[in-house]
Amino acid sequence: MINLEELNPEQRTAVTTDERYVLVLAGAGSGKTKVLTTRMAWLIEQGIASPGGILAVTFTNKAAKEMLSRLSLQLPINTRAMWVGTFHGLCNRMLRSHYHDARLPQSFQIMDMQDQLSSIKRVLKLFNIDTEKYPPKEIQSFINNAKEKGARPSDLAPVDPMEAQSIELYHLYQQQCDKEGVVDFPELLLRCYELLRDHPAIREHYQRRFKHILIDEFQDTNNLQYKWLRILAGEQNCIFAVGDDDQSIYSFRGANVGNMEEFARQYAQGNIIRLEQNYRSYNHILHSANALIAENKDRLGKNLWTDRGHGEPLRVNELSTDREEAQWILEEAKSLINEGVDRKEIAVLYRSNAQSRAIEHAFFSAGIPYRVYGGLRFFERQEVKHVLAYLRLINNLDDDNSFLRVVNFPARGIGARTLENLTDAAQKIGCSLALAIGALNGASATKLAQFVGMIMTLKETAKVLTLPDLIQQVIHDTGIETFYQNEREGEERLENLQELVNAAQTFCIEESFESSSALEKVTIAANDDQAFPEQLSALDMFLSYASLEAGDNQAKYGEDAVQLMTVHAAKGLEFKVVFVAGLEEGLFPHENSLKTHGGLEEERRLMYVAITRAKERLYLSGAHERMLYGRSAYTTRSQFLEQIPDEHMKWLCPKTRSYSYSQANRVDTDAWQSAPTTTRKNPFQKGTSNLSSMGSGVQVKDQLFKVGSNVRHAKFGDGVIINLIGQGIEAQALIMFKGVGVKTLALGVAKLEVI
DNA sequence: GAAACGGGCGCCGTC
DNA sequence: CGCCCGTTTC
């Protein structure tokens, strides 16, 4: 049962409005998630919408989960029927249902930014492009910017030869992706948008279904996302957008605050609701934030207030070095913990990930539990990416990125030369690398055939094993396990891989895949859409999950640790105590941002986000001297410290800069170096079966068939044997035919000629 | 073909 | 400083 009494008048107006277009300007800490979830509950309870008729877009997967769990507390409904997720997650879901119309293979794979970059590098290499003149990273951002505007290569008009080449590279890259059946992040959105645009039946179906569209963090949507929302809304559906222009901090990835103004002007017009009462922070904190953000021009305008009282002034300190800054943060955190503050209620925020090192060092040395967010994430670790690459190949053999990642990992004698030949062959035939191995001869072809044979064998296995068992099998059969057992410091990697198996286990339980094999396509229970059922396997779902939710590394349940993260990562979170470190010109605000138009204002919004994370106490700090690129450099004070009124700040050092400051108790470096290293026994059980028979071959009717043998078939043409199953006249061979694919043939029956 | 070595450059933020 | 990439050496 919904209790509207708990809401303030503005919140209540937002929740119960019957206007078609509504823009909620929700300041930091003003109860925006509460409004969104209560709005959904209201729509359902009043019978205005069914759970399946609501589409809600959130900024992170974590926010989506949070929203669903809060909603299920308010109403006893099946939230699984609801479409709540990130733009990317929802687009992925739609594309999986309509892969055919979207011109994608059923098991298309999603590339993260790293994968995309290596894919682009391959294109550049293949076409002999000078990477000095066309740096891969610049091509990457060119392509992504274009996609985020909804532009295909043919939509772009070059202004100079340089740009013409970039457009051509975009074209070639996209051809490569299409051939390999992979999509990058912006492609998920663009493909989905085009799907809706070009297929009236599909478009109208979803327009009929989603009568109510809700969007969180609207200020961080890009142009394409906005177009996607409008096409889904069509001519009748409702859009309820919640955002805060003062917290727009993602313009570097195409976010456009202009969407808010546009929406307000074109659609919402009079229906703008401002949530200005802040329930999070005390006045000193809130007024500091207000004063700072007031320096920005062109705001939609709003002023947060609270009735929580003054609280404490901000504690500001400048230390001599970044190490001492970290040490000071540690000491303050330690005494807070001693006073009884939960560790997880303390956050240390910084502008760039590089700053985490010094802070981590201090906490590690002192033995205070901490958790670093961002940086290298679980699904981005090399050992995990290796195993995922095998899984992706099992699902889609044409994924050349994954092929190249693991074809020689662990080392199996397939070198650069061989891969060059293979790439040439694939290019000539116009097929993927795996399909091209039939075109090669000699010893290297045998090795390649064995590799593909292993993949195909695992694929067979995947039909009968559950996902966690399959992953265990991959780790064992591919030799990854042995490799890391012999590798120095390989234990941690093996532990991570075990963690991957566990993650798959949990995933299967949550998604009800416990009793299905990894490859078995199941109609997703969460979908009550009879017109377009989603047929997915556990492997499909898990690989999407690994690509799309790699970022949401939440704290483990019940973990009480100090939280270390970038300001960007802290958006949407709140803590009792917040430290903002590195308040120096060039770092925060960051020098790179000063070069771009509006960059300083975005930095200020970032600082605004940082300040408004704090509920009770806020610390701001900087260092006179900071390590950068391994060198020490002198710094100057951040202008943001000058833009916060003095009345809200308590300086813990003289405000005039002095470089004589020195910390008495220095960090104990020995403790850092002699940190306990975990020496655990191998977590894997041995002796899992290996289905492949890579022995000395099979003799059938005067012909000796071996893995790697080149063979000719009347219908399929030339190919190479990638695996043999069984013996004698009963034996079957898996054969990779050039440009055709893998066929399983009975050697006693098929007319095969060894060549 | 693989491991070991060394030069050069980058760290702003990320679904 | 530490990662990535190209080169050397076995």
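Numbers restart at 1 for each chain; the letters A, B, ... are given by sequence-line order, proteins then strands.
Distances were taken from every side-chain heavy atom of R351(A) (C-beta onward) to each of dG1(B), dC15(B), dC12(B); the shortest belongs to dC12(B). Among the nucleotides dG1(B), dC11(B), dC12(B), the one closest to any side-chain atom of N592(A) is dC12(B). Nearest nucleotide to the Y629(A) side chain, out of dG13(B), dC11(B), dA2(B): dC11(B). Across dG2(C), dG1(B), dG13(B), the shortest atom-to-atom separation from the side chain of R357(A) is found for dG2(C). When each of dG1(B), dC15(B), dC11(B) is scored by its nearest atom to the side-chain atoms of A354(A), the top-ranked nucleotide is dC11(B). Candidate nucleotides dA2(B), dG13(B), dC15(B) were compared by shortest atom distance to the side chain of F185(A), and dC15(B) ranks first.
Atom CG in D115(A) sits about 14 Å away from atom C1' in dC15(B), given to the nearest Å. Computed from coordinates, the E602(A) CD to dG13(B) P distance equals 14 Å when rounded to whole Å. Per the geometry, CZ belonging to R93(A) stands 21 Å off P belonging to dC15(B), to the nearest Å.
Checking side-chain atoms of K447(A) against main-chain N and O of G413(A) turns up a donor-acceptor pair under 3.5 Å.
For the 3.5 Å distance criterion, the side chains of E383(A) and N496(A) qualify, holding a donor opposite an acceptor. Between the side chains of Q140(A) and N144(A), no donor-acceptor pair is found at a separation under 3.5 Å. Side-chain N/O atoms of N259(A) and T221(A) include a donor and acceptor closer than 3.5 Å.
The residue K571(A) sits apart from the nucleic acid: no heavy atom pair falls under 4.0 Å.
Within the shown strands, nothing qualifies as a pairing partner of dC12(B) under the Watson-Crick or G-U definition with both distances less than 3.5 Å. Under the Watson-Crick or G-U wobble criterion, with both distances below 3.5 Å, dC10(C) is paired with dG1(B).
An OP1 or OP2 oxygen of dC12(B) is reached within less than 4.0 angstrom by no side-chain nitrogen or oxygen of T566(A). Between N353(A) and dT14(B), a side-chain N or O to OP1/OP2 separation shorter than 4.0 Å is present. When the side-chain nitrogen and oxygen atoms of H590(A) are compared with OP1 and OP2 of dC12(B), one or more of them lie within a distance under 4.0 Å.
Both N144(A) and G415(A) lie close to DNA chain B; mapped to their nearest nucleotides by heavy-atom distance, the more 5′-ward contact belongs to G415(A).
Between Y170(A) and F142(A), the ring planes lie perpendicular to each other; the angle is over 60°, past the 30° to 60° tilted range.
Per the stacking criterion (ring centres < 5.5 Å, plane angle < 30°), Y250(A) does not stack onto the base of dG13(B).
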